[in-house]
2 protein chains.
Amino acid sequence: MSSDVDSMQPVAESERRRRTRERLMDAAFEVFAEEGVHSASVEAICERAGFSRGAFYSNFESKEELFFALSDREVDSTLLKASELARDVLPATPTDGADVVAEVVRTMIAFVGGEANWHRIVAEYRLLAMRDGAIAPRYVDFSRRLNDRVVELLQTVTLGAGLRFVGDLQLISRTLLALFSAITEDQLLAGVAGAPDVAAEDSLAFDAIVAYVHLVTEPDED
Amino acid sequence: MSSDVDSMQPVAESERRRRTRERLMDAAFEVFAEEGVHSASVEAICERAGFSRGAFYSNFESKEELFFALSDREVDSTLLKASELARDVLPATPTDGADVVAEVVRTMIAFVGGEANWHRIVAEYRLLAMRDGAIAPRYVDFSRRLNDRVVELLQTVTLGAGLRFVGDLQLISRTLLALFSAITEDQLLAGVAGAPDVAAEDSLAFDAIVAYVHLVTEPDED
DNA sequence: TGTATCGGATACGCCGGTGTATCGAAAATT
DNA sequence: AATTTTCGATACACCGGCGTATCCGATACA
């Protein structure tokens with residue numbers, strides 16, 4: 001028997017193994033975004049990562065396990081970014097524009113909108129959840145945690161020109177998330193079709209969200 | 001040469017052929033919703049429809065062509081239903097409840113919310129469009145036409161207790177559509193996970209939409 | 001430096017699904 | 001009723017991708 005009876009855990013994976021898994025997940029992120037989880041072949045993922053299928057099956061049991069590992073990693077990263085947005089980015093937004101709300105919305109779009117592939121993956125994650133009872137709880141949990149994070153954000157943040165959110169923050173957060181989804185989707189769709197670079201402002205949803213924020217904010221007596 | 005020089009068009013398809021195509025589309029509708037367009041095999045669709053693959057390739061060039069034909073059919077049907085909603089269903093909504101807005105929203109959910117599979121297909125349609133420049137324009141067109149239809153609806157409809165929408169109807173429509181999407185997704189997700197039958201009211205998005213409608217309506221001086 | 005272990009590469013057999021070519025029955029046409 | 005046309009069924013060859021078993025080089029350890 002082992003001399004150390006306490007170390008029965010699956011023995012911390014080697015650094016090499018960890019790197020390999022990361023590279024496979026990086027590759028899967030791209031391939032999933034481009035082709036979709038179902039169409040993406042294990043072969044394509046391995047090729048992108050510069051590994052063989054042998055490496056893959058040595059690190060993951062199946063494509064599904066890889067997808068779960070990947071989604072966990074990206075969900076954590078997304079929640080971290082949301083915190084960062086509330087803590088660092090939003091407070092630094094310039095407040096000299098004509099419409100402060102539009103400025104803030106623009107800032108948020110710029111912050112999260114660049115991640116086109118992540119939006120594609122979230123959209124597919126949601127879709128998979130709408131079909132598969134094994135995936136649904138995972139996605140719902142992500143969705144709930146993201147909403148909670150945004151509620152925190154709304155609680156702590158005061159917009160540039162002394163504007164403050166009023167009303168039920170849960171509901172406001174839910175509405176904002178729905179509208180932000182709509183904006184990023186509009187942008188993706190425009191990008192995928194002809195138009196090379198459309199500004200967020202071109203989206204109907206952009207105006208919708210600005211109008212909405214105006215409805216649910218009021219001057220903050222400070 | 002033909003005696004009738006004018007009839008060079010692809011000669012109206014036979015009734016039999018039309019029925020076969022319909023049955024194949026019906027089957028594809030289900031299979032696409034359950035498994036997704038990519039994973040759905042032509043074989044599975046044919047089996048569901050009670051045909052062989054021979055029949056399929058005699059009627060459609062490929063799975064993609066079938067998908068386009070199907071989406072056209074369903075998009076038309078959806079737009080028709082939206083008109084029906086504005087013309088027949090909404091005017092008949094009871095107005096005796098405590099919260100007329102909630103009542104109207106419930107009615108609309110009941111009207112469109114039953115179509116779980118259609119929502120799955122729309123979600124995938126959107127996702128495919130976000131990846132493929134050939135599909136994007138089709139989806140954007142659908143999305144735009146649906147929004148226009150809802151704008152018409154908002155223009156003509158007056159809610160039960162003499163409430164009227166005020167503000168930019170385009171933006172309101174866009175917001176409502178985003179929130180309705182959110183509600184139906186919440187319901188689907190809850191259904192797919194454990195919960196057998198959750199009421200629309202259990203969705204955070206339901207409260208969000210009721211709150212929003214209150215924000216953008218005012219008494220109609222009639 | 002020798003040896004053991006680990007981790008990725010290679011090679012193999014297998015299967016589901018594809019698209020086509022051919023055939024036969026049913027329907028339309030005369 | 002005879003014949004032509006239409007349309008779906010059947011059969012076939014083919015391929016991409018899968019999962020495994022085995023091998024071999026690199027790395028860790030003594």
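Because only heavy atoms are used, hydrogens play no part in the values below, and waters and symmetry mates are left out as well, while side chains stay in. In the text below, chain A, chain B and the rest are named by the order of the sequence lines, each starting its count at 1.
- Phe51(A) comes within 4.0 angstrom of the backbone, heavy atoms only, and of no base.
- To the nearest 0.5 Å, the span separating CD on Glu30(B) from CD1 on Ile121(B) amounts to 9.5 Å.
- Atom-to-atom, OH of Tyr57(B) to P of dT10(D) comes out at 17 Å; the value is rounded to the nearest Å.
- Between dG19(C) and Ser62(B), no contact under 4.0 Å exists linking OP1 or OP2 to a side-chain N or O.
- Atom CD1 in Ile45(A) sits roughly 12 Å away from atom P in dG17(D) (whole-Å rounding).
- When the C1' atom of dG17(C) is taken as reference, atom CD of Glu35(B) falls 13 Å away, rounded to whole Å.
- Side-chain contact, Asn117(B) with Arg120(B): a donor N or O sits under 3.5 Å from an acceptor N or O.
- Counting non-hydrogen atoms under 4.0 angstrom, Thr20(B) reaches the backbone sugars and phosphates but no base.
- In this structure dC23(D) sits in a base pair with dG8(C), meeting the Watson-Crick or G-U test at under 3.5 Å.
- Between the side chain of Arg53(A) and the base of dG19(D) there is at least one donor-acceptor pair of N/O atoms closer than 3.5 Å.
- Applying the 4.0 Å criterion to OP1 and OP2 of dG8(D), one finds that Asn59(B) has a side-chain N or O inside that range.
- Put simply, CZ on Arg23(A) is 15 Å from P on dG7(C), counting in whole angstrom units.
- Considering only side-chain atoms of Ala55(B), the nucleotide from dA9(C), dG8(D), dC7(D) that sits closest is dG8(D).
- Below 30°, between 30° and 60°, or above 60°: for Phe29(A) and Trp118(A) the angle between ring planes is below 30°, a parallel geometry.
- Nucleic acid contact class of Ser52(B) (heavy atoms, under 4.0 Å, all strands): base.
- Using a 30° and 60° split on the angle between ring planes, Phe142(A) and Tyr139(A) fall in the perpendicular class, above 60°.
- The CZ-P distance, from Phe60(B) to dG8(D), rounds to 11 Å in whole Å.
- In this structure, the CD atom of Glu43(A) is 11 Å from the P atom of dG19(D), given to the nearest Å.
- In terms of position on DNA chain C, the residue among Arg16(B) and Ser41(B) whose nearest nucleotide sits closer to the 5' end is Ser41(B).
- Looking at which nucleotide of DNA chain D each of Gly54(A) and Ser39(A) is closest to, the 5′-most match is held by Ser39(A).
- A pairwise comparison of heavy atoms in Cys46(B) and Phe56(B) identifies SG-CB, 3.5 Å as the closest pair.
- Between the CZ atom of Arg17(B) and the P atom of dA26(C) there is a distance of 18 Å, rounded to whole Å.
- Summarising the geometry, the separation between CD on Glu15(B) and P on dT29(C) is reported as 13 Å, rounded to the nearest angstrom.
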